[in-house]
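Presented below is the structure to which this report refers.
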Protein chains: 2
Amino acid sequence: MPLTVQPKNAEEGLALEELAYRRLREALGGGAFLPGDRLSIRRVADALGMSSMPARTALRRLAAEQALDLLPTGTAVVPRLTRPAFIELSAIRAELEPLALRLAAPHLDGAALHGLAAIVAGHDEARARGDSDAVRRLDRDFLFTIYRAAQAPLLLNLIETLWLRRGPIFWELRWAALAAGGMRHAHGEILLALRGGQIAAASAALRQEITDASLFIQGAMRFADDDAPKDRLAALKRPQARALGG
Amino acid sequence: MPLTVQPKNAEEGLALEELAYRRLREALGGGAFLPGDRLSIRRVADALGMSSMPARTALRRLAAEQALDLLPTGTAVVPRLTRPAFIELSAIRAELEPLALRLAAPHLDGAALHGLAAIVAGHDEARARGDSDAVRRLDRDFLFTIYRAAQAPLLLNLIETLWLRRGPIFWELRWAALAAGGMRHAHGEILLALRGGQIAAASAALRQEITDASLFIQGAMRFADDDAPKDRLAALKRPQARALGG
DNA sequence: AGTGGCATTTCGTGATCACATTTTTATGGC
DNA sequence: GCCATAAAAATGTGATCACGAAATGCCACT
């Protein structure tokens with residue numbers, strides 16, 4: 001992941017398919033789409049100013065990575081997580097991310113720990129400012145700085161995919177994210193354990209954080225399947241409610 | 001209205017891309033290719049009797065699933081696991097597969113346990129016969145019967161992907177697989193624990209099996225990175241060593 | 001106004017082609 | 001015999017098009 005951001009120059013020499021893929025991936029992770037949105041090949045191609053081919057390939061790639069779902073007709077759609085799917089996703093994260101932390105721990109030298117401390121400090125400051133975007137970004141930075149240190153490319157890729165798939169439902173929770181200020185912030189605790197060489201404790205704290213966040217979201221979120229039955233009946237009477245059309 | 005034409009056989013009504021994908025996936029899992037083999041779009045398309053488009057899409061899909069690697073030029077290549085990559089893969093499996101077992105345990109009723117017992121019995125018989133292919137297949141059946149019972153589609157998909165990626169190196173180990181007869185066979189132990197409702201014990205046994213198998217393979221296998229330096233020198237003197245498959 | 005049926009638009013799939021780059025093979029010089 | 005070099009074959013990418021299926025919109029009819 002490039003640290004320096006130079007979109008124009010960076011995108012200039014890229015293959016079109018790679019450009020489309022990155023744009024779509026960024027849009028997905030950034031909450032540009034809502035769960036249920038349909039992304040047709042031609043519309044994406046038009047929006048990106050390219051022919052169908054690169055857009056098609058990019059959409060298929062994201063679908064293969066589980067970042068998009070495919071309708072039976074082949075149309076790509078932003079995943080609409082059901083409650084069981086979200087629980088499953090959280091359970092997988094609760095296994096893989098502590099694993100990544102344990103793998104990373106031996107590689108975290110003083111400089112790396114110092115960098116993590118800076119992230120935590122920045123996070124606390126951002127939270128004091130009420131800058132929820134910065135909080136979220138720094139939360140992510142803290143964890144992925146650790147995961148990258150694991151030097152486990154396959155595992156890192158899996159975790160990124162899981163986050164990407166969780167992305168859309170998180171952005172629908174933008175309102176709840178503010179309330180999440182009351183959620184226990186475990187990164188300081190994790191950092192402390194890492195500093196002390198207590199790898200198992202750090203791993204357990206991370207697992208606990210993931211589990212807690214999952215429970216919080218399960219409580220705060222109304223999932224697609226939760227209200228589906230009654231909504232279907234309601235939709236018969238009031239055809240507007242929330243069409244899934246794009 | 002007929003949604004799609006009823007296929008005469010399983011492959012008849014299939015979209016070409018799906019057919020290519022399944023054929024390639026089956027070939028990969030079945031050991032038809034060797035690590036390092038290059039699969040070019042046109043050659044695959046020719047072999048399957050279709051145009052480039054479906055073959056291209058199928059190869060890209062497998063690459064996105066990490067079942068194939070891509071050279072910088074875009075050519076697909078059967079993954080050549082290095083030792084660190086294999087260790088990483090095993091570590092991920094050691095987390096995810098026990099998780100799947102724990103999720104599956106509540107759903108394993110008497111009939112399911114009976115089916116598992118039949119698989120174990122068949123496995124023991126096949127091992128007595130020296131039928132290593134059947135042993136391998138029943139080993140896989142035993143585990144995936146459990147994993148499917150977890151009713152966790154995302155997790156199942158991840159595990160399948162990991163197995164697919166591990167596939168090629170396993171088939172290079174065909175010779176060693178026979179010697180693996182001495183490897184502890186933990187499935188009976190797992191089944192016993194499941195029968196007794198000892199989920200944690202079953203999970204631990206599965207994790208131990210994965211770890212043991214990983215260590216065995218690490219000992220028996222010469223990985224790509226292990227002998228790369230000297231082999232490159234040898235290849236300069238004997239240019240034939242191993243031609244790329246087609 | 002509600003409804004059934006039909007036309008239009010949109011969509012994914014797959015074929016074919018041009019183009020630039022890479023990889024392989026043949027060639028010639030040492 | 002060995003290696004650099006050029007010719008040739010192979011390869012990935014992306015554009016464009018045709019085709020059938022699906023979704024949408026429209027309008028006449030009741």
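To find a chain, count down the sequence lines: A is the first, B the second, and so on, and within it residues start at 1. Scope of the values below: all heavy atoms of this structure, side chains included, with no hydrogens, waters or symmetry mates.
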Per-nucleotide protein contact string for nucleotides 11-20 of chain D, where B marks a base within reach and S marks sugar-phosphate only (heavy atoms under 4.0 Å, - for neither)
BBBBBB-B--
Test of understanding: with side chain to side chain contact (heavy atoms under 4.5 Å, CB included), list the residues that count as partners of [X], not counting sequence neighbours.
X        : result
B:Asp46  : none
B:Ala134 : B:Ala126, B:Arg129, B:Asp131, B:Arg137
A:Leu48  : A:Ala20, A:Arg23, A:Val44, A:Met50
A:Arg56  : A:Ile41, A:Met53, B:Met53

Rounded to the nearest Å, what distance is computed from the [atom1] atom of residue [X] to the [atom2] atom of nucleotide [N]?
X       : N      : atom1 : atom2 : result
B:Asp46 : D:dA9  : CG    : P     : 16 Å
B:Tyr21 : C:dG14 : OH    : P     : 15 Å
A:Leu68 : C:dG12 : CG    : P     : 12 Å

Under the ring pair (Phe, Tyr, Trp, His ring centres under 6.0 Å) rule, collect the residues that match up with B:Tyr147, sequence neighbours excluded.
B:Phe144
